[in-house]
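Both counts, for ligands and for their atoms, begin at 1 and track the order of listing.
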Amino acid sequence: MAHLKLHIPGPIEVSNKTFEAFRTPMIGHRSQDFKNLYDSIMPNLQALLFTNRLVYLGTASAWGIMEGALRNLVSKGVLNCMKGAFSDKWHDVSKRCGKYAESLQVEWGSPILPEQIDERLATGKFDAITMVHNETSTGVMSPLYEIAKLKEKYPDVMFIVDSVTSMTGVKIEFDKLGIDLLLAGSQKAFALPPGFSIFTASQAALERAASINDRGYYFDLIEFQKNAEKSMTPSTPSIGHIYALKSKLEDFMEEGLSQRFDRHANLSKMTRDWATKQGFTIFPEAGYESKTLTCVNNGAKPGGREIEVAKLQGLMKERGILIDGGYGKLKGKTFRLSSMGDETQETMESLYALLDESLEQL
Ligand SMILES: *Cc1c(COP(=O)(O)O)cnc(C)c1O
């Protein structure tokens with residue numbers, strides 16, 4: 001069907017093959033067929049996350065799991081590592097959940113660094129931290145492996161990690177990292193329709209959850225674990241999403257995970273090179289650029305070319321493509337191009353060609 005191709009950083013383009021899988025006829029969620037379906041995807045989910053833990057399926061967008069993580073894992077207090085719209089919002093959500101929360105705020109465009117977290121955890125005020133691996137609003141990827149090393153020093157602190165725009169695009173080894181909860185939503189690098197989440201939790205996270213009485217029901221980790229042990233979900237899941245996920249996981253394995261990670265790294269590099277060639281600078285601090293999307297600077301920081309972003313978006317729309325014009329306070333001062341999911345060198349090159357034409361017309 002003719003539609004605007006999505007090059008915004010989520011929701012992203014969903015393939016016809018995925019939609020075909022999505023519309024597989026329904027089955028009962030307490031049936032053997034459902035258990036077989038869940039069992040059939042578990043090995044691929046575990047391979048994707050490099051884990052032996054059970055991987056849970058949540059029927060909600062990522063924020064459901066993000067709120068659930070706070071309700072399940074924070075007792076004493078949470079340190080919210082903030083570097084952009086999504087990570088900043090988690091602080092607000094922590095307070096709305098009635099948790100004692102403090103912020104570790106860095107400037108938008110900068111990463112969160114382990115020393116900064118260490119200094120704050122040393123106060124002993126926190127038994128959990130939240131962090132966003134790939135901050136979609138700024139295009140900054142924080143050094144997850146270096147941050148996760150802190151877990152050795154602070155074993156009782158729950159490390160809650162949003163990998164919404166990095167899971168499947170970047171290698172994230174859950175067990176090796178030793179973190180406690182890792183989550184992603186379906187409409188970003190998975191290239192599935194929105195409304196679904198994939199997540200997993202450590203044994204320590206389950207123990208923490210068991211000690212918290214008011215953790216709620218819909219996102220209760222203990223319920224997810226108990227049900228996953230029987231190849232089920234606590235409540236009726238979006239079964240269409242699970243069929244689509246099965247199809248997607250098969251694609252990932254066929255491509256090869258390391259090839260998939262390399263492809264994402266290459267496409268983001270190509271996008272940065274395109275932007276630089278066009279006279280722009282890149283918004284994120286050098287060395288911490290996202291591998292799934294590119295946040296192009298357009299006056300948010302000094303230096304580089306500046307254009308009227310809304311006009312560029314309009315010209316791209318005429319060419320059948322939706323690009324993002326900057327998130328929140330970066331609106332008009334940056335623009336973002338997604339290269340995650342099913343994009344290839346060819347599809348990205350045709351995007352650049354259309355961007356070149358549109359820029360000519362400004
Ligand atoms: C998109 C996104 C979310 C939120 O996802 P919803 O689907 O709106 O719940 C959270 N974190 C990051 C990093 C995101 O990119």
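Checking S40 against K246 by side-chain atom types alone, a donor-acceptor pair falls below 3.5 Å. Side-chain atoms of Q278 and D356 include a donor-acceptor pair closer than 3.5 Å.
Cation-pi geometry between K329 and W108 is met: under 6.0 angstrom from the ring centre, within 45 degrees of the axis.
F126 and Y154 have their aromatic ring centers separated by at least 6.0 angstrom.
Put simply, the side chain of T168 reaches to within 4.5 Å of the side chain of R260, judged on heavy atoms.
At a 4.0 Å heavy-atom cut-off, the residues surrounding ligand 1 are S61, A62, W63, M66, F86, V132, N134, T136, D162, V164, T165, Q187, K188, listed by chain and number.
Looking at residues two or more places apart in sequence or on another chain, you find no ring pair (Phe, Tyr, Trp, His ring centres under 6.0 Å) involving F283.
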